[in-house]
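As structure tokens, the structure follows; a few thoughts come after it.
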2 protein chains.
Amino acid sequence: MTTRKQKRPAGSPQAFAEAAECLRILAHPVRLRMVQLLLHGRYTVGELAEDAGVADNVASEHLRLMQRCGFFTSERQGRRVYYEVAEPHLAQIMGCVESRFLAGR
Amino acid sequence: MTTRKQKRPAGSPQAFAEAAECLRILAHPVRLRMVQLLLHGRYTVGELAEDAGVADNVASEHLRLMQRCGFFTSERQGRRVYYEVAEPHLAQIMGCVESRFLAGR
DNA sequence: TTGAAATATCGTGATGTCACGATATGTTGG
DNA sequence: CCAACATATCGTGACATCACGATATTTCAA
């Protein structure tokens, strides 16, 4: 039996720190929109930038952030770079966010 | 028929901004821990502070932040102030976070 | 090979977040 | 009323985030 004084929900401090960091990456309007779009297919930096209404370099920086924490992978095809979702749990979390904030009800 | 050039996932820019702001509030290790604990019952500022390992005033500030965006409500009982969950979707989102980061597997 | 397109990187200034200590407010018991 | 307890608020300095412009890198096409 593990050492504990009371019954408490699980989670090491380290796990909470990691979870918080990923949520912080997600917590940006442009990045949220990019996640939502990429959950429906592959898109290039330019396409994502235009859809989100930001400059190409800004879009590139947001995508790099999300790639670094494992959200996306990227693949070069000619001049274009296609991004796509790599983290399966993104669909679940985005589903929660949509049902709370983006639901057409 | 509404005016649109292509089929795209739903969500006004304003809705994404609101969602991002709430996620940003959630994206902190101490606040995540507080949410998890409060999803299992009512707790005072002091109890939450001790559990999270932070000073009372720091806990109070985190709780005030989360109360302002509708996560919690508070009720005074004598010297103590009890906080409890007010936003029903917190359980869903926390469930997603737990299954990805805090799962005991 | 040269220029243009698509993406990436870097420096910078403005703004926001955070923990901490100090202090204020409210509450109970004596 | 007074002292201790529980919570809240405020000021401050360290640090992070963000968008922007400038520049670099990669690739294609002529």
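The sequence lines fix the lettering, A, B, ..., with proteins before strands; numbering per chain opens at 1. For the numbers below, each heavy atom of this structure counts, side chains included, while hydrogens, waters and symmetry mates do not.
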State whether the side chain of [X] and the backbone N or O of [Y] hold a donor-acceptor pair below 3.5 Å, judged by distance alone.
| X | Y | result |
| --- | --- | --- |
| A:R100 | A:L102 | no |
| A:E21 | B:P29 | no |
| B:E18 | B:A15 | no |
| B:R24 | A:H28 | no |
| B:R76 | B:G78 | yes |

Treating primed atoms plus P, OP1 and OP2 as sugar-phosphate and everything else as base, which nucleotides of nucleotides 2-10 of chain D get B, S or - for protein heavy atoms under 4.0 Å? ---BSBBBB
Starting from P on C:dT7, measure out to NE2 on A:H62 and report it in whole angstrom. 16 Å
Residues from residues 15-38 of chain B sitting under 4.0 Å of DNA chain C, heavy atoms only? B:R24, B:H28, B:R31
Residues that B:E61 engages under side-chain hydrogen bond (donor to acceptor under 3.5 Å, both in side chains), provided they are two or more places apart: none
Option from B:I93, B:V97, B:I25 for which side-chain contact (heavy atoms from CB on, under 4.5 Å) with A:L23 holds: B:V97
Considering only NZ, NE, NH1 and NH2 on the basic side and carboxylate oxygens on the acidic side, decide whether B:E47 and B:R80 come within less than 4.0 Å. no
